[in-house]
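Report on one structure; see the data block that follows.
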There are 2 protein chains.
Amino acid sequence: MRPTDTPKVRALPIFANVSDETFNRVTGAAYLQRFPANTTLLLEGDPVDFLYVLLEGQVELQGTWKDKETTLTILRPVSTFILAAVVLDADALMSARTLERCEILMISGDAIRTAMAEDARFAVAVARELSGCYRGLVRTIKNQKLRGGVERLANYLFTLRAKSGGGDSVHLPHEKRVLAALLGMTPENLSRAFATLGGYGVEVNGADVRLSKLGDLERLARPDPLIDNHAPRGPSLSAEADAEIWSTEHQRAGGARS
Amino acid sequence: MRPTDTPKVRALPIFANVSDETFNRVTGAAYLQRFPANTTLLLEGDPVDFLYVLLEGQVELQGTWKDKETTLTILRPVSTFILAAVVLDADALMSARTLERCEILMISGDAIRTAMAEDARFAVAVARELSGCYRGLVRTIKNQKLRGGVERLANYLFTLRAKSGGGDSVHLPHEKRVLAALLGMTPENLSRAFATLGGYGVEVNGADVRLSKLGDLERLARPDPLIDNHAPRGPSLSAEADAEIWSTEHQRAGGARS
DNA sequence: GCTCCGAATTGATGGAGATCAAGAGTCGCA
DNA sequence: TGCGACTCTTGATCTCCATCAATTCGGAGC
């Protein structure tokens, strides 16, 4: 690992509250790798030997069956992925593909498992991370099965807005076809969904989106803290440690809770 | 906890490899409760104070949004549920409702978290369980998004067959309307799906289903070990510790892997 | 036996989204 | 500057599934 990357990695939730000794032991056996865009890092069904830590770029996790393909999530830095497979030393259930040029830290799965067995604090941190990922998936399923395409898009826009600090305009972080896959629809229908949202004050200009009529849009979207992990959570927010909805990104409000 | 229940609970994966001392400490602070059918154990958004262990009966986990409702899974003994919320000491993302009279062991969440911090083996066991649950959800999403209703039903029948030892007839463990919710369709469409499968040798008689023409049915279903957690996994099966697809039931092939 | 109620089936219709096809804008590159 | 490849958009059609409605079936209770 490069010295400049160390602080980013050290700040990962899976190392929260973990001793320097364990941290150094685990990351000692790690490679920093660069990958070009559109590279398959890991294929569904492959054995998983490393925990991946995305430091730069974007990675898509997808599943396949009978020539059909579905996107489960799109990761952005700094995120870990396929932790569950590493913990169980099992085969990957989804494929991982770079969407752009990426910088990825690969940590030995053996090292992870060994460190968990020897350091309860690390094992707890891993369990907490897994819990966040699990809850992220629950949110994803609810989002998919309970909402229609237009509603998913509207809520996605609110999520973006919340992440970017809450102005009245947002910038789409992906190509539209990638966004469509992420939202579980075709590019064609994403276009139509944006057109529909025009009636709710959504003006699209390339990757820039203005949200006039926030009230109207919110009445349509009905964001829900039990699905969308961004909503105003009351003044005394108790630093929920859930992973993000749309990914396992680590942009937590607070640090570790004692 | 009743003495007769102890062995069942002790055999749970979250106690695999765990010392008697930790086991006793954790289960010491536990209540055994009975609930009638159709009781809400836990409502979406509620704080979660206990880890639930289903010893008898059936429990449905569901999510809601704007008068719509979706079933995430149906649990059967012996299963734990809402472990992720317990680990994070967070609010529940789904509701839990009994489908029949149930016997449930409730273990203090504080006790779980404390024991994890003090006993690495327990923390590892919890992490492994969470990993299995996570992978179960990944399977669920792939099943939902990649397959149509008829295909989901066909694969469900194969899963049932595998669990019951592989004869050419299976017994449906739920009412059809519950099964429909589990498979993510309406009761009407489940009926129609069964009718369609008639052409593939599926004969329904109440809750009993005969599968003549297994070959035809399998060609339609295309079961996949990366979605359906039952498929023949090669002779040297390495005791995958994944949770079941349709639930977090614990019917593992092997015990702990060293 | 009977009724009654809910579950299960079957049919008819509607809507959301996928697919197919064509056109319009954009970017990179020679 | 123009070509080519790409994304993005828009329109027409089709498929799957939900919904509404009408029976039929089966068991519980009297």
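Chain letters run A, B, ... following the sequence lines, proteins first, then strands; residues in each count from 1.
Rounded to an integer number of Å, the gap from B:E188 CD to C:dG11 C1' is 11 Å. Separating the CG atom of A:D67 from the P atom of C:dT19 is a distance of 12 Å, rounded to the nearest angstrom. One can place CZ of A:R192 at 13 Å from P of C:dA16, the figure rounded to the nearest angstrom. Atom CZ in A:R177 sits about 19 Å away from atom P in C:dT26, given to the nearest Å. The NZ atom of A:K176 sits 11 Å away from the P atom of C:dT26 (whole-angstrom rounding). The distance from atom CG of B:L190 to atom P of C:dT10 is 12 Å, rounded to the nearest whole Å. Rounded to a whole Å, the CG atom of A:D208 is 14 Å from the P atom of C:dT26. Distance CG (A:N189) to P (C:dC20): 14 Å, rounded to an integer number of Å.
With 3.5 Å as the limit, one finds a donor-acceptor pair spanning the side chains of A:E44 and A:T64. Of the N and O atoms on the side chains of B:N205 and B:R210, not one donor lies less than 3.5 Å from an acceptor on the other residue.
Each of B:S191 and A:G184 was assigned the nucleotide of DNA chain C with the nearest heavy atom; the assignment lying further toward the 5' end belongs to B:S191.
Across all strands shown, B:G206 has no heavy atoms under 4.0 Å from either base or sugar-phosphate atoms.
With C:dA18, C:dA21, C:dT10 as the choices, the nucleotide that has an atom nearest any side-chain atom of A:T186 turns out to be C:dA18.
The shortest side-chain heavy-atom distance between A:V78 and A:V9 does not fall under the 4.5 Å cut-off.
A 4.0 Å heavy-atom criterion places the boundary nucleotides of DNA chain D facing chain A at D:dT7 to D:dA12, written 5' to 3'.
Relative ring orientation between A:F50 and A:Y31 is described as perpendicular, the plane-to-plane angle rising above 60° on a 0-90° scale split at 30° and 60°.
Atom OH of B:Y200 has 12 or fewer neighbouring heavy atoms from other residues, nucleotides or ligands inside a 6.0 Å radius.
Of the residues listed (B:R147, B:R161, B:R222), the one engaging B:D228 in a salt bridge (Lys or Arg N to Asp or Glu O under 4.0 Å) is B:R147, and it is the only one. With respect to B:H174, the side chain to side chain donor-acceptor pair (under 3.5 Å) criterion is satisfied by exactly one of B:E60, B:Q58, B:E100: B:Q58.
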